[in-house]
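For reference, the structure discussed in these notes is given below.
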Amino acid sequence: MTKYRVNKTKHVDQTKTVSFDFDGKSYHGFEGDTLASALLSNGVHLVGRSFKYHRPRGIMSCGSEEPNAICQINEDTDLTEPNVRATEIELYEGLKASSQNCWPSVNFDIGGINNFISSFIPAGFYYKTFMWPKSFWKKIYEPLIRWSAGLGKSPTKPDPELYDHKHVHCDVLIIGGGISGIIASKIAAKNNFKTILIEDKNILGGSTIFQKNENYKINDKYSGEWIYEEIAELKKLDNITIKTRTSLAAYHSYNYLLAKENISDHLPLDKRNGGIRQRLWKIRADKVIVATGAIERPLVFNNNDRPGIMLSNSVKKYLDFYGVSCGLNNVIFTNNDSAYETAVSLKEKGISVEIIDIRKKSNSKIVKNAEQLGVKIYWNSTVVNTFGLRKINSIEIMNLSEDGSNVVGDKNRINCDCLAISGGWTPMVHMHTQSGGKLDFREIDQTFIPNEIDKNHINVGSCNGDFELEEIINNTNKKVKNFLKVSETEFDNTSVLNSKELDKRNIWLLPNYISEGKCKSFIDFQNDSTAKDIKLALREGFKSIEHVKRYTTTGMATDQGKLSNMHALGIIADTAGVKMGTLGTTTFRPPFTPLTFGSIVGRSVGNFFDITRKTSIHEWHIQNDAKFENVGQWKRPWYYPINEEGLHDAVQRESKAARDSAGILDASTLGKIDIQGTDASEFLNRVYTNAWSKLGIGKCRYGLMLNEDGMVYDDGVTTRLGENHYLMTTTTGGAANVLSKLEDYLQTEWPELDVYLTSVTDHYSTASICGPNSKKILTKIFPDKDFSDDAFPHMSYQNGKIDEINCRIMRISFTGELSYEINIESKFGKSLWEKCIEAGKEFKITPYGTETMHLLRAEKGFIIVGQDTDGTMTPIDLQMDWIVSKKKYDFIGKRSLYRSDTIREDRKQLVGLLTDDPNEILEEGAQIVSDMSKKPVEMIGHVTSSYFSPNLNKSIALAVVKSGKKLNGQKLIVPMENKNINVTVSESVFLDKENKRINA
Amino acid sequence: MFLINCPYCGERDQSEFSCGGEAHIVRPKQPTELSDDQWAEYLFMRKNIKGVQFERWNHAHGCRKWFNMVRDTSNDKIHAVYKMGEKPPVE
Ligand SMILES: [Zn+2]
């Protein structure tokens, strides 16, 4: 055993040795240790360097508030993780940890030079120093900051571990398994509430579990023993789920909470077995009881950041819980009674300890106890300086003046290897405020405590401002009884003995004989902000606490200001001469402690990151070497290369084949909405710009849908299947939105209409066959059917049968070719497709993808909503006046078509563009100008679609251009990076203007 | 994360719903009779107040029904939920 392991406890098993590495050196600890307690047991305090000045820093606390002991663990493995608090990670065999933020080593740190030039890097130095010259930013400042201010390294390999999400509901959720949380849990579970208790440590009992002091007794037992028995009973109850190693991350409104459970982080790497590492619990609780306790405050004095300066109650926990004495020659520096418990614990174990108390006296029982044990107490005194390079070795103290604003008398030097500091307690109100709760300021001990108005949550114990054992037990019992409407509990007649604190004194910034400018009195240890920085920010005019915080970076480190916020506020209040309660606090935002990305995303990684939708014909596309493109969540064949063909060549070949003989497209992804009801026709009249009442049964019609602002929203062909039955198709990407929009109108504006909408997109697969030979192919597939133009004209539909399977055949065209679409139940989609391919073989039927489809429709000047339109195009802008009914009284967007803005003649309008050089292909998105001489050059539009047409043997493009309708035949310019391309405005229909091919 | 009491399904998580903006803005029955300004008032103008607000919500990942909700935007308290076509509760 090392000389610092002075005590045997039931929480650390000293028969089980655990070896670990820190900064490349091997050490031993025991099962039950944290990395921090194991390091301390080896006398290691120095664990890192501060962020800005690179000052040596040591372990300061024993929990999530730890600002200094931040490590990178398991470096060079795929499980490496930065920013792990040594105080929270449980020790396991083979753990490898290293200091962050220091190079080349924690003992010799080049960045430490910042410490000597610190007067040049005051508050806001990032904003001031690195502002100019601007050209320095990218090459000099940013690399410098990134190099010197490393906050760990992110893993470079994929995370091999699994993460999980779980949704749970409960009657009562208790956050925190300390004494008040245990009492609340017992009451809840025993009164038939379905209860969940979460606790971030691996064992319950909070700081009571290691309490063994004559002055703190419950029912005549040491409070530590009493709670031990309570926990044992609690674990036997039926109604409760106890989750340890589970920390609350966020408390949202309506009692929706997120908690992260560590499942395997405490296991050696070889025992993790690829199971789940962390689980994010998403809890909806009927009632929430917050029992998160309090955090000890540090004291702010000169050089208060040396390794070996620790929070007093943490020193006690290391001693009484882990059996580790942080120093052999301890000094306690306090402004309150709680630190005397640490002194008594140390003294009882024969370890040297002295106390410096800024108060003039205290007559409480615990103080008397310390005095009786022979602990020397320096009253009315303060520490003015500390010494020791890598670990504290001595301090200097002085007496305080009567009002505490100054120091008086001589300096007195005391040797020590650990300085335990205590500035009182701060209730952890984070959860209360995250839930939307407000705070009240309590003058007597300068704390913010919850102001409860929400009926569905309460705060109990020290997070509610109850710091003394008797208060905690009685108030918790009383509050929980009220909250859960319970009349009697086992805690009603608990007898509690505790020392009561009678004398208080608080000084936010302790005075010094050294001038303020030369003092390094740290407030935020991790971000290196000092009292001087706060005062400078105030002098420079920052008044709001939120501004001071950002300017000085106080409270902005990974500990989120758990230790620093109160002192920052106190010093602002003192300096500005205002009451602290009027300043308010900064906003406490989730997460309370950092979450891993893994726990946030859970199982939604890799293939599960987003849904992939595939048509029933997908397998065939893969077998035929299709390249895919994402359209929304759909995977659509983009083109089908043959023999190493590139995109261009494949598309040229596919396009030519579709016009010369036959092509086939998987059109299953188009949105399909089944519309039924006696008012279906009227409904279509209202949602499309054109008229629908006279569409015969068995006929199809193209429709354009607008937003109420008159802009084109979606388009597609709708087929009348029966008197009161239509099948609407939408764009692939717009399907879900169109359905919601239509539902919205039906439910909210036109509830009188008898119309029912059902999405049937996934129900049918669609093969679209086009080209001059398509009719022959269809005749082969449906030998009994008459496909003559008279029997089956363009824009009509008929039912058909393939073997025994019903299908719908629509003669519609998006390519301008003679074209048919066959819809069949999805499960038969692939066999339909194969049948079409088989039947088309003799005509060299060519499967084509989205790229060819886009090219073919562009040759015909058909728009694609979302490509040629962008939410600012009316049908008039698209030169589609023909589809806007003049007769209909109203339809969605009609009134907007003659607003002053939409009738402007200089709106951007859709036109065709032909390049003067027919082989030059314009880039989609390229800007268009008419006059290059007038600077700045006015951009009058842009290219929306552009292709080389193999059927016309020239380049064609669609574009939106200001006043485009008037520009037909005019020359424009498309300026590119290294040349200007001359173009001529044309009509937007390039091929078959007479529409002959459709009946070819 | 709200807990929203869908008038058709009961209490469900907010993630099942989507908000459709201010409620009780009725689409004019005779849009063609309106001046540009009147139409613009319907089309564009929405309140965004701190305090009690009337909103449209849709149980998008549930029953797909639209309904109205009275919510205090300052503290997210939901005061009432009622079906489309029903009169808003008087405070
Ligand atoms: Zn519902």
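Letters A, B, ... mirror the listed sequences (proteins, then strands); counts begin at 1.
- Residue B:Gln30 touches chain A through both its backbone and its side chain, counting heavy-atom pairs closer than 4.5 Å.
- Within residues 883-896 of chain A, the residues having any heavy atom closer than 4.5 Å to a heavy atom of chain B are A:Tyr889, A:Asp890, A:Phe891, A:Ile892, A:Gly893, A:Lys894, A:Arg895, A:Ser896, listed by residue number.
- The contact between B:Trp39 and chain A is made entirely by side chain atoms (from C-beta outward), counting heavy-atom distances below 4.5 Å.
- The number of heavy-atom neighbours closer than 6.0 Å to OH of B:Tyr8, taken from other residues, nucleotides and ligands shown, is above 12.
- B:Ile4 does not touch chain A: none of its heavy atoms, backbone or side chain, sits under 4.5 Å away.
- Taking A:Ser740, A:Pro751, A:Ser900 one by one and counting their heavy-atom pairs under 4.5 Å with chain B, the maximum is reached by A:Ser900.
- In terms of non-hydrogen atom pairs under 4.5 Å with chain A, the most contact-rich of B:Asn58, B:Asn75, B:Asp13 is B:Asp13.
- Side-chain contact between B:Ile78 and A:Tyr254 is present, with heavy atoms from C-beta onward closer than 4.5 Å.
- The 12-atom threshold is not exceeded at CZ of A:Phe609, counting heavy atoms of other residues, nucleotides or ligands nearer than 6.0 Å.
- Residue contact with chain A, scored on non-hydrogen atoms closer than 4.5 Å, is absent for B:Ser18.
- For the atom pair CZ (A:Arg899) and OG (B:Ser35), the distance works out to 11.5 Å, reported to the nearest 0.5 Å.
- Between B:Phe67 and A:Thr748 the shortest side-chain heavy-atom distance does not fall below 4.5 Å.
- For A:Asp744, the parts lying under 4.5 angstrom from a heavy atom of chain B are both the backbone and the side chain.
- In this structure, chain B has a heavy atom under 4.5 Å from the side chain of A:Tyr745, while its backbone stays farther away.
- Here B:Arg27 is the residue among B:Met84, B:Gln14, B:Arg27 with the most heavy-atom pairs under 4.5 Å with chain A.
- Only the side chain of B:Leu43 comes within contact range of chain A, judged by heavy atoms closer than 4.5 Å.
- The two residues A:Glu708 and B:Tyr42 come nearest to each other via the heavy atoms OE2-OH, 3.5 Å.
- In this structure, the portions of B:Met1 lying under 4.5 Å from any heavy atom of chain A include both its backbone and its side chain.
- Across every non-hydrogen atom of B:Arg64 and A:Gln747, the tightest pair is O-NE2, 2.9 Å.
- Here the side chain of B:Asp76 pairs no donor or acceptor atom with the backbone of A:Ser253 at under 3.5 angstrom.
- Within a 6.0 Å radius of CD in B:Glu33, other residues, nucleotides and ligands contribute more than 12 heavy atoms.
- In the displayed structure, A:Lys741 atom NZ is contacted under 6.0 Å by more than 12 heavy atoms of other residues, nucleotides or ligands.
- Note that CH2 of B:Trp66 is 10.5 Å distant from CD of A:Glu743, once rounded to the nearest 0.5 Å.
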